[in-house]
2 protein chains.
Amino acid sequence: MESEKNFLSEYKIENYERPSVTADIVAFMVRNEAEKSYRKNSDNKLSVLLVKRGCHPFKNQWAVPGGFVKQNETIEECALREIIEETNVAPSALMPSLVFSKPDRDPRGRIISNSFISIISEEAVNAVGGDDACDADWFDISFTQDNNFFKLLLENSHTKLSALLKEKNHSFGRTYFEIIDTGMLAFDHAAIIASALSLLRIQAKDYDVIFDFLPEKFTLTALQRVQETILNVSVLPANFRRKISDYVIETNEFTVGAGHRPAKLFTRK
Amino acid sequence: MESEKNFLSEYKIENYERPSVTADIVAFMVRNEAEKSYRKNSDNKLSVLLVKRGCHPFKNQWAVPGGFVKQNETIEECALREIIEETNVAPSALMPSLVFSKPDRDPRGRIISNSFISIISEEAVNAVGGDDACDADWFDISFTQDNNFFKLLLENSHTKLSALLKEKNHSFGRTYFEIIDTGMLAFDHAAIIASALSLLRIQAKDYDVIFDFLPEKFTLTALQRVQETILNVSVLPANFRRKISDYVIETNEFTVGAGHRPAKLFTRK
DNA sequence: CAAATAGTGTCTCTAAGACAATATCAC
DNA sequence: GTGATATTGTCTTAGAGACACTATTTG
């Protein structure tokens with residue numbers, strides 16, 4: 001009887017069919033719009049990081065950042081490495097989303113994409129400043145449903161991408177999308193973004209992921225705006241505060257010079 | 001400037017590092033214990049399908065069923081194919097769980113595991129009968145927490161496997177496990193099972209996945225037992241019925257010959 | 001004081017949990 | 001009738017939503 005040691009020394013992994021594997025990261029940020037009028041709080045926008053592809057396939061089209069998994073790293077490590085390479089910032093959260101594995105999803109051949117959600121605070125992004133290369137940019141997201149169809153609109157000051165998706169399947173709380181129109185996004189990245197966003201919304205409901213969009217110390221109003229921006233709803237401040245009180249600890253610090261009553265700063269519990 | 005067509009004709013995917021990729025399926029069933037005493041309803045047990053490995057590595061140890069993804073199928077199709085090969089039954093639900101990708105998780109080399117939860121109704125399993133091969137069997141699960149440690153006990157009439165895990169991380173509602181003791185399960189399958197079970201429990205809370213454990217027509221008590229078995233809790237029948245009423249449609253049929261008041265049969269809404 | 005946001009108190013309504021009571025079968 | 005499960009009704013309590021009100025700052 002063959003021993004396990006002998007078996008392993010004879011085993012040639014390259015004799016078997018192997019796909020390529022990538023980690024692709026949908027990086028979200030909630031950012032403040034430029035302030036409109038004196039003393040008013042600014043509006044927030046949910047935005048996602050896209051990179052303009054410099055090489056084939058889909059050259060010059062926009063895609064979410066990502067790359068091939070190396071032999072000595074986990075897919076999570078790969079995702080973290082790729083998003084840091086792209087932004088120069090360590091994300092405050094990284095969470096697996098879906099795996100995309102249709103055999104023909106990439107014209108180069110069999111490439112399986114492990115998609116991730118990463119969350120980056122605006123403060124962190126501003127600290128490193130924009131990469132002048134201009135091949136990466138944040139796009140404001142609008143994601144609206146009309147019956148079984150979803151319209152994904154990604155927009156920055158130069159470019160507007162509009163993808164159309166259809167709900168293929170809704171099971172166990174997750175929505176699975178089929179692409180009707182890629183909106184000039186590379187590969188199946190329209191579906192990757194839509195899936196990530198619908199997962200982000202699920203998570204944002206239970207007061208978990210929303211903290212990662214803000215610096216360590218924050219006001220309750222800022223936290224409320226993050227949740228409202230992600231979920232595209234609005235709630236009454238009194239009720240939000242009652243509910244969130246279980247998840248935060250108050251500090252002795254306050255905002256200053258805002259032109260109205262100072263707000264107490266809180267930290268996450 | 002090179003055209004995309006030229007680029008693709010020159011592109012050799014085999015020049016790049018590629019891992020092997022598997023789909024591994026944690027198949028759950030809720031089964032009735034043998035009835036103890038006259039007229040009493042039987043207890044239920046949550047059980048999971050394991051196969052005894054016939055070849056190296058981990059020869060003769062127990063593992064969850066799975067196999068390598070073929071070039072022309074998605075990982076979901078692979079998972080479906082593998083679980084049907086093993087059970088001769090199409091599962092009533094198949095849902096992605098986590099991806100396991102530690103470079104050294106398989107002694108044969110770099111193999112990434114995409115884990116899935118599948119749910120099979122006891123009725124369907126009984127219909128095809130047990131595979132005499134005896135290399136596959138259902139194990140009753142007990143999964144208990146003691147501070148940050150989790151004990152996973154898998155037991156059938158012949159074998160008892162006891163694995164120990166530690167909570168590595170709890171983020172975004174999911175628990176990530178580190179294996180302390182494999183309990184003689186192959187590879188990192190103790191963590192794959194633990195992760196799947198903790199996801200199953202999350203899903204079972206919102207009256208979704210529980211239907212897949214039962215045939216099309218079922219009694220509300222049976223449905224309640226499924227939820228109680230998975231979550232290891234007990235609820236008052238009156239409250240369960242009030243809550244579940246939104247998710248079911250009553251039929252005109254009743255159970256017969258149970259030795260007590262007949263129960264109305266329902267279907268899923 | 002005006003404008004704006006920060007923060008508190010409380011009323012109502014709904015949903016969850018507990019528990020009591022009734023219904024219906026096989027023997 | 002007895003023993004068992006099936007099913008309904010209702011009391012109490014906790015939480016969500018709505019809304020009115022007070023507090024504090026800058027100019």
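Order of the sequence lines fixes the chain letters, A, B, ..., with proteins taken first and strands second; residue numbering starts at 1 for each chain.
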For the ring pair B/F211 and B/F218, is the centre-to-centre distance below 6.0 Å?
yes
Taking the six-membered ring for Trp, are B/F150 and B/F177 ring centroids under 6.0 Å apart?
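Ring centroids of B/F150 and B/F177 are less than 6.0 Å from each other.
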Separation of atom [atom1] in [X] from atom [atom2] in [N], rounded to whole Å:
{"X": "B/N239", "N": "D/dA14", "atom1": "CG", "atom2": "C1'", "value": "14 Å"}
{"X": "B/R241", "N": "C/dA23", "atom1": "CZ", "atom2": "C1'", "value": "12 Å"}
{"X": "B/F240", "N": "C/dA15", "atom1": "CZ", "atom2": "P", "value": "17 Å"}
{"X": "A/H260", "N": "C/dT5", "atom1": "NE2", "atom2": "P", "value": "6 Å"}
{"X": "A/N44", "N": "C/dT5", "atom1": "CG", "atom2": "P", "value": "13 Å"}
{"X": "A/L236", "N": "D/dA16", "atom1": "CG", "atom2": "P", "value": "13 Å"}

With [X] via side-chain contact (heavy atoms from CB on, under 4.5 Å) - residues at least two apart:
{"X": "B/P262", "answer": "B/F254, B/T255"}
{"X": "B/V89", "answer": "B/T87, B/I120, B/A124, B/V128"}
{"X": "B/P96", "answer": "A/L98, A/Y176, B/F116"}

For residues A/I192 and A/H189, determine if any side-chain heavy atom of one lies less than 4.5 Å from a side-chain heavy atom of the other.
yes
Which pairs count as side-chain hydrogen bond (donor to acceptor under 3.5 Å, both in side chains) when at least one residue sits in residues 220-237 of chain A, sequence neighbours excluded?
A/Q224-A/E228, A/R225-A/E228
Keeping to residues at least two apart or across chains, list the side-chain hydrogen bond (donor to acceptor under 3.5 Å, both in side chains) pairs with something in residues 199-215 of chain A.
A/D208-A/R268, A/D212-A/R268
Enter the distance from A/I83:CD1 to A/L94:CG here, rounded to the nearest 0.5 Å.
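Those atoms lie 8.5 Å apart.
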Give, for atom CD1 of A/I117 and atom CG of A/L197, the distance between the pair rounded to the nearest 0.5 Å.
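Separation between the atoms: 8.0 Å.
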For residues 235-250 of chain B, dump all side-chain donor-acceptor pairs below 3.5 Å to protein atoms at least two apart in sequence or in another chain.
from: B/N239; atom 1: OD1; to: B/R242; atom 2: NH2; distance (Å): 3.3
from: B/S245; atom 1: OG; to: B/R242; atom 2: O; distance (Å): 2.7
from: B/E250; atom 1: OE2; to: B/K264; atom 2: NZ; distance (Å): 3.4

Contacts of A/E216 that satisfy side-chain hydrogen bond (donor to acceptor under 3.5 Å, both in side chains) - sequence neighbours left out:
none
End-to-end axis angle, where each axis spans five pairs of the helix from C/dC1-D/dG27 to C/dC27-D/dG1, to 10°
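End axes: 0° apart.
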Taking only heavy atoms on the protein side, list every residue of [range] lying under 4.0 Å from any atom of DNA chain D, sorted numerically.
{"range": "residues 242-252 of chain A", "result": "A/R242, A/K243"}
{"range": "residues 198-235 of chain A", "result": "none"}
{"range": "residues 261-269 of chain A", "result": "A/R261, A/P262"}

Show me the side-chain donor-acceptor pairs of residues 159-172 of chain A shorter than 3.5 Å, one per line, residues at least two apart or across chains.
from: A/H170; atom 1: ND1; to: A/T175; atom 2: OG1; distance (Å): 3.1

